[in-house]
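Ligands are counted one by one from 1 in listed order, and the atoms in each one are counted from 1 as well.
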Amino acid sequence: VTVDAKGELSDVVFSQLPSPWTVQRTGYRPGLVALTFDDGPDPKWTPQILDVLKAKHVPATFFIIGDNGLTQRGLLQRLIVEGHEVGNHTYTHPNLATTSDDTTMLELNATQRLFQAFTGRSLRLFRAPYFGDAEPSTADEIGPAYAAQQRGYLSVGLHVDPDDWMRPGAQAIVDRTVAGVEAGDAERSGNIVLLHDAGGDRAQTVAALPVLIDRLRAKGYRFVPVSELAGLPRDMVNPPISSGDRWAARADLGLFLTLGGLTVAIKWLFAVAITLGILRALALSLLALIQARREAQTVFPAIDPTTEVTVLIPAFNEERVIERAVRRVLDSHDVAVKIVVIDDGSSDRTSAVVAEAFADEPRVRLMTLANGGKARALNTALLEVTSDIVIALDADTQFEETTIARLARWFVDPKLGAVAGNAKVGNRVNLITRWQALEYITAQNLE
Ligand SMILES: [Zn+2]
């Protein structure tokens, strides 16, 4: 800062521009390639990848999701035993740019504890989910990387990404990997390759792996774990836990084994429940088909138009639909209907509408009760019914003209106590009424 004779600032020179963050990068080692596998362990694909790596004598680095490791203790141990390195890829694979610092720490710690309990070693490498090349370039990406660094993690980036998770074909995975490695330079190193051993069908990754290993070797590249790129001994990236931590790890082990057992048990329970549900639906469908064949051979009794049927219509505040409902029943063919409308203490004009509309209709009778519920209304009316056959009908249910005659004819069989029709949902206008229609169909026709 320069001050002139009047005491005012005349010049300011920045020798170093202010910067909120400084990201240091290491690991550019021409001729070396580190294969990294994200999102595992997976009981199907991780063992196949390990078999290839073993046959080819290639050490690799696996960034695991804790939740996937919960039921895969043996696989985590195999990773260590077979000389691979393991890093932390969070517990549930969230986008850390959108989670709180506490959640980020919980994600890292849960996976750390799980790995310690299952293998007796710790995790020191970290890769954040979703961050493209995992090389933090914006503040919300640097945040989690910095938080992880504070906890002793080293963030592992990558510049060779063949997008194997998109399944572009094994050949494309090989070609993109080789091209990416060869394009590496000091500014944008091609030393670390990102592949996946979980998160879907990884058959293409498994198929590409031996080919890309051979091709890179033929070009003179040597495969190393990430620690070698960083110039660290392997025991620093997966150090054995201290004797003090061992007791804590043992307690965690019980917890994680219990959780893992529960996870497996719940999966089985679901599988059993779904299987039983499907078997039940199949059995019911079969029985329904048999029943339908039997019914096709049924001889229908003749319809006797003199059969007297009383239709009870309990109504509570139905002034808008009651007249139409009564008229529809009166339109019935081939049967002698009587109707009793039971107004269950409506506060609207239900009784008045019926009294006015059917004043000259001897077949319609109106009972106006104090409100007491549908069951009591029906029971009260039943005491006064003289017909042998009674139908209870809601005011919003509509009968075809022949419905009552078709229902009533079955009572020529003196052993029969009741018959039911096939109710269909009329207003199938939205999802709820469509589901209701489906329920009616399965309940009436299957169950
Ligand atoms: Zn991932």
State whether a side-chain donor-acceptor pair under 3.5 Å links Asp67 with Thr92. no

Please tell me whether Thr104 and Asp101 have a donor and an acceptor in their side chains that are separated by less than 3.5 angstrom. no

With the side chain counted from C-beta on, respond yes when Thr119 and Leu79 share a heavy-atom pair under 4.5 Å apart, and no when they do not. no

Does Phe62 have its ring centroid less than 6.0 Å away from the ring centroid of His89?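 No.
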
Sorted by chain and residue number, which protein N/O/S atoms are under 2.8 Å from the Zn ion (ligand 1)? Asp39 OD1, His89 NE2, His93 NE2

Contact list for residues 216-234, test salt bridge (charged side-chain N to carboxylate O under 4.0 Å, His left out), sequence neighbours left out: Glu182-Lys219, Arg222-Glu228

Do the charged groups of Asp39 and Arg127 touch, with an N to O distance under 4.0 Å? no

